[in-house]
Amino acid sequence: MGSTNAIINIDNFLFNLEKIKERVGKERKVCIAVKADGYGHGAFPLVKAALEENLTDFCGIATVNEGVILRNDGVKSDILLFSLAAPEDIPDIFDYSITPFTADISYIKKIEAEASNRSAKKEIHLKIDTGMMRIGCRPEEALSLAQYITESKNLTLGGICTHFPVSDSNIKEDIAFTTYQIALFRKTVDNIKNSGIDAGIIHAANSGAILRYPESFFDMVRPGIIIYGSYPDAEAEKVIKIKPVMSFESKITFIKKIKKGGKVSYGLTWQAKEDTWIATIPAGYADGYNRHLSNKGKVEIGNNIYTVAGRICMDQFLVDLGSYCGKKGEEPIKIGDKAVLYGGTGDSSCQSAATLCGTIPYELYCSINKRVPRIYLRKETKS
Ligand SMILES: *Cc1c(COP(=O)(O)O)cnc(C)c1O
């Protein structure tokens, strides 16, 4: 095990899922968004724990290959494909029992043709675009598509869904937009149901909507970022308490004194205002420690926060430990001490780092590189 690791706390993950269940009601189904390898956390260990504890029903993925990997790992639950498969990937959604979102007649017919070739009946979900403008049919087309699916002898309508672009926002116009989307979705779904069609599982809510719009819960919710313990936005409604799952950590490899006026790292962009101690951390942008944190990232060492000095390099960066090499009156910081890059709450949280980078926690989690080992922690709670 090297110095730089992503420590993944499965207990915190399960805690977050329980809070979500409490929020939406135990009778509702949950589809955890585990695309992008579980937002960089490693999907399989989390999916396994969630299924063992009966805290999820579906796994949501973004590429067919992500589903293939989960099936090869032994995942037996339903897997929902949130995006549209390339034609050459359609056989895999059959071979690996992946349930796709569909959005138009030509794609639906491609899946129907493959099902017919295999003499199979394939379950699909119908995605309605109520304002995200990414994938989905127009609300006016939804009834005829639902009819087509139900009448096909090779297709089953497993569910109907939509997605929200601004459910995490507390701006007035965004709240009006989401409220309108929910009403439009409900009306479209009711229209389908009133035509005597079995619409399957109705689902819409992402993390933002779970926090803010109970009327969007329908039969199932699709939480992503909140299962990993970050809110979808710094301003998001924090109606449920969640715990960060990932701690991105390293260990100091080198410490040296720098004289007042001394400069450090590529570009020599940082200069010491006084004699100070500088620590070297063996992590860099190749590990996913974002280069925008140059000269401003916050790192937690021994319960105190220190600031990045100079540019983040590919594999290392520097931290200013101050003139006492740590906190005045405490033992000086030494080589081997732990440094938390993102994790926890407050200044060293992923949200704070994301704000400093001008991005969102989603991107920082997903950028933790493959070379960083994921280490899973779980208390022995089971008999
Ligand atoms: C990623 C995704 C989600 C989860 O979004 P969060 O904001 O992380 O909760 C839900 N539904 C769809 C279709 C998605 O692509």
Side-chain angles (χ1 to χ4, degrees), residues 13 16-17 19-21 23-24 28-41 43 46-47 50 55-64 66-67 70 78-85 98-103 124-137 158-170 174 178 181-182 185 201-214 216-240 242 244-246 350-351 354 359-367:
F13 172 74
N16 297 338
L17 281 181
K19 292 288 149 194
I20 294 163
K21 279 270 196 196
R23 165 85 176 146
V24 304
R28 290 202 165 86
K29 291 183 189 291
V30 174
C31 171
I32 51 174
V34 293
K35 58 205 188 192
D37 204 16
Y39 292 33
H41 292 64
L46 299 183
V47 166
L55 289 168
T56 198
D57 303 282
F58 285 76
C59 297
I61 53 162
T63 71
V64 173
E66 290 176 343
L70 285 178
D78 285 309
I79 295 181
L80 264 187
L81 177 62
F82 289 166
S83 35
L84 304 176
I98 294 165
T99 307
F101 279 16
T102 61
I124 61 179
H125 285 221
L126 179 63
K127 179 92 183 280
I128 303 175
D129 190 353
T130 55
M132 175 75 181
M133 298 293 160
R134 192 167 63 180
I135 60 168
C137 67
I160 302 187
C161 54
T162 194
H163 193 51
F164 304 122
V166 287
S167 59
D168 57 333
S169 163
N170 60 2
D174 292 339
T178 307
Q181 280 190 283
I182 296 168
F185 181 60
I201 301 167
I202 310 304
H203 52 108
N206 54 3
S207 295
I210 290 169
L211 299 174
R212 199 183 282 276
Y213 301 95
S216 73
F217 295 169
F218 297 97
D219 303 327
M220 179 165 83
V221 295
R222 302 190 308 266
I225 196 73
I226 53 175
I227 69 180
Y228 306 104
S230 282
Y231 293 97
D233 184 274
E235 306 303 321
E237 191 87 57
K238 298 184 177 63
V239 291
I240 57 176
I242 47 176
V245 175
M246 183 194 290
C350 190
Q351 177 63 63
T359 185
I360 50 177
Y362 298 73
E363 188 187 1
L364 295 191
Y365 287 135
C366 291
S367 343

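Values below: every heavy atom of this structure, side chains too, minus hydrogens, waters and symmetry copies. When a ligand or atom number is given, it counts from 1 through the structure's own listing order. This chain uses plain numbering: 1 for the first residue, then up along the sequence.
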**Request:** Return the set of residues passing salt bridge (Lys or Arg N to Asp or Glu O under 4.0 Å) with R23 (not counting sequence neighbours), or none when no residue passes.
**Result:**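 Result, salt bridge (Lys or Arg N to Asp or Glu O under 4.0 Å) vs R23: none returned.
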**Fill in**
Sorted by chain and residue number, the side-chain contact (heavy atoms from CB on, under 4.5 Å) partners of D168 (sequence neighbours excluded) come out as P232, D233
**Message:** To check you understand the geometry: which heavy-atom pair defines the closest contact between I240 and L211, and what is its length?
**Reply:**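 Taking every non-hydrogen atom into account, CG1-CD2, 3.6 Å.
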**Asked** What does the list of residues with a heavy atom under 4.0 Å from ligand 1 look like, ordered by chain and number?
**Response**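 Correct list: A33, K35, Y39, F82, R134, H163, N206, S207, R222, P223, G224, I225, Y362.
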**Prompt:** Backbone N or O of I226 within a donor-acceptor pair of the S207 side chain at under 3.5 Å?
**Reply:** yes
**Prompt:** Relative to each other, are the rings of F58 and H125 parallel, tilted or perpendicular (30° and 60° limits)?
**Reply:** perpendicular
**Message:** Going by side-chain hydrogen bond (donor to acceptor under 3.5 Å, both in side chains), name the pairs with one or both residues in residues 28-40, residues two or more places apart or in two chains.
**Reply:** none
